[in-house]
Amino acid sequence: MTDASASANERCLEGFLAHLRHERGLSQNTAENYARDVRKLFSLAGDTPLADIHPHQARRFVAILHGRGLEGRTLARTLSAWRSFYRYLARDHAVAHNPFQGLRSPKAPKTLPKALSPDEAARLVDLPGDEPMTIRDRAMFELFYSSGLRLSELTGVKLSNIDFQDGTVRVTGKGNKTRVVPVGEFAQRALRDWLAARAALAAPEQLAVFVNLRGLRVSARTVQRRLQTWALRQGLTQHVHPHMLRHSFASHVLQSSGDLRAVQEMLGHASISSTQVYTHLDYQYLAKVYDAAHPRAKKKR
C-alpha cells in the first residue's frame with residue numbers, strides 16, 4: 001500500500017471512529033473493535049482504493065479470513081463493521097456502493113455462554129483478607145454477580161450512581177442507554193466496606209467508585225487480570241472472565257424466577273432474543289439435576 005492511500009484510509013477511519021463515538025454513542029472499547037476490523041480491510045485491500053472494491057473482492061476477503069481460522073461469529077462481526085464503515089463512506093465521502101451489503105459469513109456453530117454454578121460463584125466472590133485491593137476486588141465481584149453488569153458498566157460506575165437507600169445502581173450500557181438495576185445485600189455490604197477504604201486512596205476529584213492504588217479509575221484490563229488471579233486462588237479450575245459473572249447472574253436469576261422479561265430488563269438487552277439464550281442454560285441445569293436425581297434417568301451399569 002502506498003503512503004498516499006494509507007494516509008487517505010486512516011483519515012477515513014478517523015472520521016468513522018468520531019462518527020461512532022459522537023453520533024452513535026458507542027463506547028471507546030466498541031469503537032476500538034471497529035477500528036481493528038476496518039484495518040483488516042485496509043490490509044486485505046492493499047493498494048485498491050476503497051471506492052473500487054467490488055463484491056467479488058469482498059467475497060475473496062471473507063474467504064481469506066476464513067482460511068486463516070476466523071470462525072463464523074467473528075467473521076459476522078467483521079462484516080458488520082465493514083458494512084457500517086461503507087455506510088459512513090457513502091454519507092461523508094461519496095462512495096457510491098457497499099460491496100459488503102448482503103454478503104453473509106459462514107454459519108457459526110451455536111455455543112452457549114459458560115456460567116459458574118451457584119456454589120462456584122459464591123466461592124469466587126467470597127474473597128479472604130482485608131487489604132485495600134482485596135476489599136475493592138470483593139466489592140467489584142459482588143457487584144458484577146449481584147447486578148449482571150458489563151465490564152465497561154462496572155468500571156464506569158460513579159459514586160453518585162449508587163443508591164444504598166433503594167438498593168440500586170444506575171449504569172450506562174450499550175448505545176449510551178441508562179438503566180437502574182438492583183444491588184443485593186452482600187454486594188451493598190462489600191461496597192460500603194470498599195467506600196470506607198477508598199477514601200484513603202482516591203484522588204480528590206475522582207468520581208469513579210473503583211480506583212487503583214494511584215487513586216485513578218480502575219481499568220478494564222486490571223479487572224480481568226484480578227478476576228483470573230482470584231479464580232485460581234479460590235480453586236476454580238475453568239477460565240473465568242468478567243462476562244462469565246454476567247452470564248452466571250442471568251442464568252441463576254432465571255433458574256430461580258423463570259421471568260425472562262425481568263432478566264432482559266436487568267441485563268439491558270434491547271431484544272428478548274438476546275436473553276433467550278439463558279433459557280437454554282436453564283434447561284441444561286434442569287437436565288443435570290434430573291440426570292443426577294431421578295432413578296429412571298441413571299444409566300444402567
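Just so it is clear, the structure is predicted and the values come from calculations on it, not from any experiment.
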**Prompt:** Can you list the steps and then say if F186 with S146 is a side chain to side chain contact (heavy atoms under 4.5 Å, CB included)?
**Reply:** CA-CA 8 Å; F186 287 96; S146 166; over 6 Å; no
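- Contact record, G156 with R217: CA-NH1, 3.3 Å, taken as the closest heavy-atom pair.
- With contacts defined as side-chain heavy-atom distances shorter than 4.5 Å, the pair V183/I162 does not qualify.
- To the nearest 0.5 Å, atom CG of residue L191 and atom CD1 of residue I135 are 12.0 Å apart.
- Of all heavy-atom pairs spanning P128 and Q234, the tightest one is CD-OE1, 3.7 Å.
- Contact of the M140 side chain with the V218 side chain is registered, since non-hydrogen atoms from C-beta on lie closer than 4.5 Å.
- If you take CG on D37 and CG on L79, they are separated by 9.5 Å, rounding to the nearest 0.5 Å.
- Summarising the geometry of A220 relative to L151, their closest heavy-atom pair is CB-CD2, 3.6 Å, with the distance given to 0.1 Å.
- By the side-chain contact (heavy atoms from CB on, under 4.5 Å) test, L159 pairs with L195, R198, V209, sequence neighbours left out.
- Residues L127 and L213 share a hydrophobic cluster, clusters being chains of Ile/Leu/Val/Met/Phe/Trp/Tyr side chains in contact below 4.5 Å.
- Among residue pairs with one or both ends in residues 51-84, those qualifying as ring-ring contact (aromatic ring centres under 6.0 Å, His included) are H54-H97, W82-F100; sequence neighbours excluded.
- In this structure, S147 and V181 approach most closely via the heavy-atom pair CB-CG2, 3.8 Å.
- In the hydrophobic clustering of this structure, F164 groups with V171; members are Ile, Leu, Val, Met, Phe, Trp, Tyr whose side-chain heavy atoms approach within less than 4.5 Å, directly or through other members.
- No side-chain heavy atom of T229 sits under 4.5 Å from any side-chain heavy atom of R226.
- Between R170 and T178 there is a side-chain heavy-atom pair separated by less than 4.5 Å.
- Heavy atoms from other residues, nucleotides or ligands lying under 6.0 Å from CZ of R104 number 12 at most.
- In the hydrophobic clustering of this structure, I64 groups with L103; members are Ile, Leu, Val, Met, Phe, Trp, Tyr whose side-chain heavy atoms approach within less than 4.5 Å, directly or through other members.
- Residues L216 and V211 form no side-chain contact, since every pair of their non-hydrogen atoms from C-beta on lies 4.5 Å or further apart.
- You'll find the side chain of L70 stays beyond 4.5 Å of the side chain of R77, heavy atoms only.
- Using a 4.0 Å cut-off between charged nitrogen and carboxylate oxygen, R138 and D193 do not count as a salt-bridge pair.
- To the nearest 0.5 Å, atom CG of residue L143 and atom CD of residue Q188 are 10.0 Å apart.
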**Request:** Output, in order, the C-alpha distance, side-chain angles, deciding distance and verdict of side chain to side chain contact (heavy atoms under 4.5 Å, CB included) for D163 and V169.
**Result:** CA-CA 6 Å; D163 189 330; V169 61; over 6 Å; no
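- One finds a salt bridge joining R91 and E23 here, because a Lys/Arg side-chain nitrogen approaches an Asp/Glu carboxylate oxygen to under 4.0 Å.
- A salt bridge links R39 to E10: at least one charged side-chain nitrogen sits closer than 4.0 Å to a carboxylate oxygen.
- Between T134 and G129 the shortest heavy-atom distance is CG2-O, 3.7 Å.
- In this structure, F85 and F42 have perpendicular ring planes: the angle between them is above 60°, well past the 30° mark.
- Counting only heavy atoms from C-beta outward, the side chains of Y86 and L50 approach each other to under 4.5 Å.
- The line from OG1 of T30 to CZ of R24 is 9.5 Å long, rounded to the nearest 0.5 Å.
- We find the NE2-CG distance between H22 and L17 to be 9.5 Å, quoted to the nearest 0.5 Å.
- Within the 3.5 Å criterion, the main-chain N or O of A208 finds a donor-acceptor partner in the side chain of Q206.
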**Message:** Go through it in stages, so that I can follow the logic: the residues are R123 and D119, the test is side chain to side chain contact (heavy atoms under 4.5 Å, CB included), and I'd like the CA-CA distance, side-chain angles, deciding distance and then a yes or no.
**Reply:** CA-CA 6 Å; R123 194 191 324 161; D119 287 344; 5.5 Å; no
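- Of the possible donor and acceptor atoms, one in the side chain of E153 sits under 3.5 Å from a partner among the backbone N and O of R150.
- Once rounded to the nearest 0.5 Å, the distance linking CZ of R11 with CG of L13 reads 12.0 Å.
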**Request:** With side chain to side chain contact (heavy atoms under 4.5 Å, CB included) as the test, would you mind laying out the steps for L65 and T74 before giving the verdict?
**Result:** CA-CA 10 Å; L65 293 180; T74 304; over 6 Å; no
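- Of all the heavy atoms in F16 and A81, the pair that sits closest is CZ-O, 4.2 Å.
- Using bins of under 30°, 30° to 60° and over 60° for the plane-to-plane angle, the ring pair H239/H241 lands in the tilted bin.
- The neighbour count for K158 NZ, taken as heavy atoms of other residues, nucleotides or ligands under 6.0 Å away, does not exceed 12.
- Side-chain atoms of S43 do not come within 3.5 Å of backbone N or O of K40 as any donor-acceptor pair.
- In this structure, R246 forms no cation-pi arrangement with F144, as its terminal cationic atom is not both closer than 6.0 Å to the ring centre and no more than 45° off the ring axis.
- In this structure a side-chain-to-backbone donor-acceptor pair under 3.5 Å is present from N98 to R83.
- Remark: the Q224 side chain and the Q228 side chain contain no N/O donor-acceptor pair separated by less than 3.5 Å.
- The environment of CD in E131 is crowded: more than 12 heavy-atom neighbours from other residues, nucleotides or ligands sit within 6.0 Å.
- Proximity of N212 to R136: side-chain heavy atoms (C-beta onward) are separated by under 4.5 Å at one or more points.
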